[in-house]
Number of protein chains: 2
Amino acid sequence: MAGTIKDIAKHTGLSLGTISKFINGGRVREANRDKIERAIKELDFHVNEIARGLKTSKSKTIGIIIPSMENFFCTSLISRVEKHLSKHGYSGIICDYQEDPQMEKEKLVFLINKMVDGIIIVPSGDTQKEIQQVLDRGIPVVTVDRILPDIACDSVVVDNFKISGEAVEYFVGQDHRRIAIICGPRNISTAEERLNGYLAVHEKFRLTVDPDLIQFGDYYMQSGYELCRRLLDLPEPPTAIFATNYDITLGVISALNERNIRIPEQLSLIGFDNLNLSKVIKPALSLVVQPMDQLADATTKLMLERLEGTLQGIPQLVKFEAELVIKDSVISPLHK
Amino acid sequence: MAGTIKDIAKHTGLSLGTISKFINGGRVREANRDKIERAIKELDFHVNEIARGLKTSKSKTIGIIIPSMENFFCTSLISRVEKHLSKHGYSGIICDYQEDPQMEKEKLVFLINKMVDGIIIVPSGDTQKEIQQVLDRGIPVVTVDRILPDIACDSVVVDNFKISGEAVEYFVGQDHRRIAIICGPRNISTAEERLNGYLAVHEKFRLTVDPDLIQFGDYYMQSGYELCRRLLDLPEPPTAIFATNYDITLGVISALNERNIRIPEQLSLIGFDNLNLSKVIKPALSLVVQPMDQLADATTKLMLERLEGTLQGIPQLVKFEAELVIKDSVISPLHK
DNA sequence: CTAAAAACATGAAACGTTTCATGTTTGAGT
DNA sequence: ACTCAAACATGAAACGTTTCATGTTTTTAG
């Protein structure tokens, strides 16, 4: 059906090499250029990227692996990453592993087979061995949002320790003493750091840490919902909750709504990630906002530089500051 | 770096054909199987899907084109589609065209060059010619959420006319007479149908249609925000608003919040798409929920059947019912 | 034990490109 | 008009698979 380079050659009477050169932006005689252009139109020719990839062993394709396509942080990240990649002639194959490390491994293999030139990943943390194997094959890997302790590869993250500390400290400044945190899975560096920020502030102000106020969930709304209920059912419930990702934030709000607990009068809340959410929730929600554009920029830049070879040698760790956006969801419990 | 089929052949002393047969699940002598398996381990062999694709002219890859990666409806749709595809040995290359028909065309070409076996698309409506060209190349196309009037291809949609009518009729039943609708772009079939449902109900109840109450936006939050403000600024503002997609719904809520307009006491609202949203918003939001699983199932099924050849001939139009989930965001304006 | 059938192995050709060493044309300078 | 670079064209080989017609081995049945 589709014309190939050979058809163009036959049609124009020129050689394969000439057509190939033209296709790739090389110089050809004016007369030939016209002929080729006409033939391309006529035969509806499109480069077969598969064949090209086989020859060049560059697929001009980056694998992108994320925990879930329904995760707001991930989709807004990869949307931006894709935009940059395509600007540089690359495309992304996006895979979600549905938070399942086994599936994450499969996707890794899949992408290798697809001959991707590099992999950008938001890793589960349970596939370090497999990621190392990818690196061993000479395929660059950039992790985003999370770092992998045993892996020497480029990473782009936010200073989770610091921003978490800021959020908790803001609670403390508003006289809160029973501050709960709902964390993500323990093996994710990001979750760990956010917890550490929480603990550090407690240490700094010499507040006692009540283990009941520290809950670990997965990064799903359901989890936020359940853990929030658990917190509310405590003999001495918290006066403030720090929800450490977007879906958990949603879950917390839905639990509070269900029990008709008013924010911030009855309970203060700081959420995470989606600035739009703060406009939609009433009262306006205070939350931690991550610099999505910066994260995406840095990630793509790192990957492209590794691919072009302009960046070599030791892995880079790029760290950005998140921002605490204060709105109306926190007040002092003493003002009741 | 990576071992090829040839290396395996050399390493085992067997022929290329045998290795190939084994890789593809064919039968080989037991002794040979062992040898091959050992060699594969040893040489860390992975099939080069690029080379395979070149030979078979099947990439086992489906192109998926959506308006935006930040569109909730789209991401939840493709997340499910991907899941099904990978279950059947296919993978998806996901492209978003950022609501830009020009970019949509580029993505179409890109996917053709990538030799995708089929394309699943949520089309802008402005690329019918290009989509026809894809079909002319013998590549199956399935449109989801929207149909293309001039194109004969499979489509999976929701009965937008009907559900929109139900929503508006619900307003009418609650004594609303000034009902606003915020539609999507006019050239999108889905938007058109939702408007038609609105008009039909007005006709049915012999209500006058005030053109001021019909607003057209794009499917972004900002648009919902602005158009909602415009509605509120009308000399005689609506008593109810029907927001016809998720982002518009968010925009409407944020505009209402900004002006401290209470739902439903001061204004009734029916939103769209995200059931979780209704739990997070207070009061619980009534909304139209689309059967995402069914949409995704049908889409994938149609595509796979076209690819396997089990479905041939005239295009199928699969239509599902959406559901109106009533919560607390609508009351009669007379009960004020 | 033998012949025929069944099961498996072989290797060259092909898929649509790019590459590169070699060949041909062009036109500037004299 | 001739020479010589410079500019461009040529076509065979290669990328890593699959395919298929043919060849070889194993199994089965008589």
Side-chain angles (χ1 to χ4, degrees), chain A residues 1-37 39-40 43-61 89 109-110 112-117 137-139, chain B residues 1-37 39-40 43-61 89 109-110 112-117 137-139:
Chain A
M1 186 88 234
T4 79
I5 230 182
K6 280 186 193 164
D7 300 325
I8 305 276
K10 228 170 280 170
H11 199 267
T12 57
L14 296 167
S15 78
L16 280 187
T18 307
I19 314 295
S20 175
K21 208 208 291 186
F22 173 83
I23 302 278
N24 290 286
R27 302 184 57 80
V28 300
R29 260 188 260 290
E30 182 136 359
N32 292 341
R33 174 150 51 75
D34 293 350
K35 273 199 266 182
I36 298 176
E37 276 173 348
I40 288 181
L43 303 179
D44 187 27
F45 168 80
H46 289 257
V47 174
N48 182 330
E49 297 279 359
I50 299 275
R52 173 182 282 175
L54 176 58
K55 190 63 221 202
T56 60
S57 51
K58 299 254 150 296
S59 60
K60 285 280 177 180
T61 298
V109 170
F110 167 77
I112 297 302
N113 291 359
K114 282 276 182 199
M115 300 273 117
V116 294
D117 298 339
R137 289 175 90 89
I139 298 172
Chain B
M1 187 88 231
T4 78
I5 229 182
K6 281 185 192 165
D7 299 325
I8 306 277
K10 227 170 279 167
H11 200 266
T12 57
L14 296 167
S15 76
L16 279 187
T18 307
I19 315 294
S20 174
K21 208 209 291 185
F22 174 83
I23 303 277
N24 291 285
R27 301 185 58 79
V28 301
R29 258 188 261 290
E30 182 136 357
N32 292 341
R33 173 149 52 75
D34 293 349
K35 272 200 265 183
I36 298 177
E37 277 172 349
I40 287 181
L43 302 180
D44 189 27
F45 168 81
H46 289 258
V47 174
N48 181 330
E49 296 280 357
I50 301 272
R52 172 182 282 174
L54 176 59
K55 191 64 217 189
T56 60
S57 49
K58 298 253 152 297
S59 61
K60 284 281 177 178
T61 298
V109 170
F110 167 77
I112 297 302
N113 291 359
K114 281 278 183 197
M115 300 273 116
V116 293
D117 298 339
R137 289 175 91 90
I139 298 172

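Numbers restart at 1 for each chain; the letters A, B, ... are given by sequence-line order, proteins then strands.
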Quickly work out the A:Arg33 CZ to D:dA7 P distance and round it to whole Å. 16 Å
Given side chains that start at C-beta, do those of B:Asp117 and B:Ile139 come closer than 4.5 Å, heavy atoms only? no
In whole Å, what is the span from the CZ atom of A:Arg29 to the P atom of D:dA6? 17 Å
Side chain of B:Ile5 (C-beta onward), nearest among C:dG16, D:dT17, C:dT18: D:dT17
Quickly work out the A:Ile50 CD1 to D:dA14 P distance and round it to whole Å. 23 Å
Rounded to the nearest angstrom, tell me the gap between atom NZ in B:Lys6 and atom C1' in C:dA14. 13 Å
Ignoring the backbone of B:Lys21, work out which of C:dC8, C:dT18, D:dT17 is nearest its side chain. C:dC8
Nearest-nucleotide pick for A:Leu16, side chain only, options being D:dT25, C:dT18, D:dT17: C:dT18
By nearest atom, which of the nucleotides D:dT18, C:dT17, C:dT10 is closest to the A:Arg52 side chain? C:dT17
Winner on side-chain proximity to B:Leu54, out of D:dT18, C:dC15, D:dC15, is C:dC15
Does A:Thr4 offer a backbone N or O that forms a donor-acceptor pair with the side chain of A:Asp7 under 3.5 Å? yes
Compare the minimum distances between each of D:dT25, D:dC8, C:dT19 and the side chain of A:Ser20, then state the nucleotide with the smallest one. C:dT19
So, is B:Asn32 near the phosphate of C:dC8, with a side-chain N or O under 4.0 Å from OP1 or OP2? no
Just call it for A:Ile23: base, sugar-phosphate, or nothing, with non-hydrogen atoms closer than 4.0 Å on any strand. nothing
Phosphate contact (D:dC15 OP1 or OP2) by B:Asn48 side-chain N/O below 4.0 Å: no
Whole-Å distance between C:dA14 P and B:Lys58 NZ? 20 Å
Would you indicate which nucleotide in C:dT18, D:dT18, D:dT10 comes nearest to any side-chain atom of A:Ser15? D:dT10
Is there side-chain contact between A:Ile8 and A:Lys35, with at least one heavy-atom pair below 4.5 Å? no
Counting just side-chain N and O atoms, does B:Arg27 come under 4.0 Å of either OP1 or OP2 of C:dC8? yes
Winner on side-chain proximity to B:Thr18, out of D:dC15, D:dA9, C:dT10, is C:dT10
Between C:dA9, D:dT17, C:dT17, which one does the side chain of B:Val28 approach most closely? C:dA9
Rounded to the nearest angstrom, tell me the gap between atom CG in A:Asn24 and atom C1' in C:dC20. 14 Å
Using a heavy-atom cut-off of under 4.0 Å over every strand shown, decide if A:Phe22 touches base, sugar-phosphate, or nothing. nothing
More than 12 foreign heavy atoms under 6.0 Å from CZ of B:Arg33: is that the case here? yes
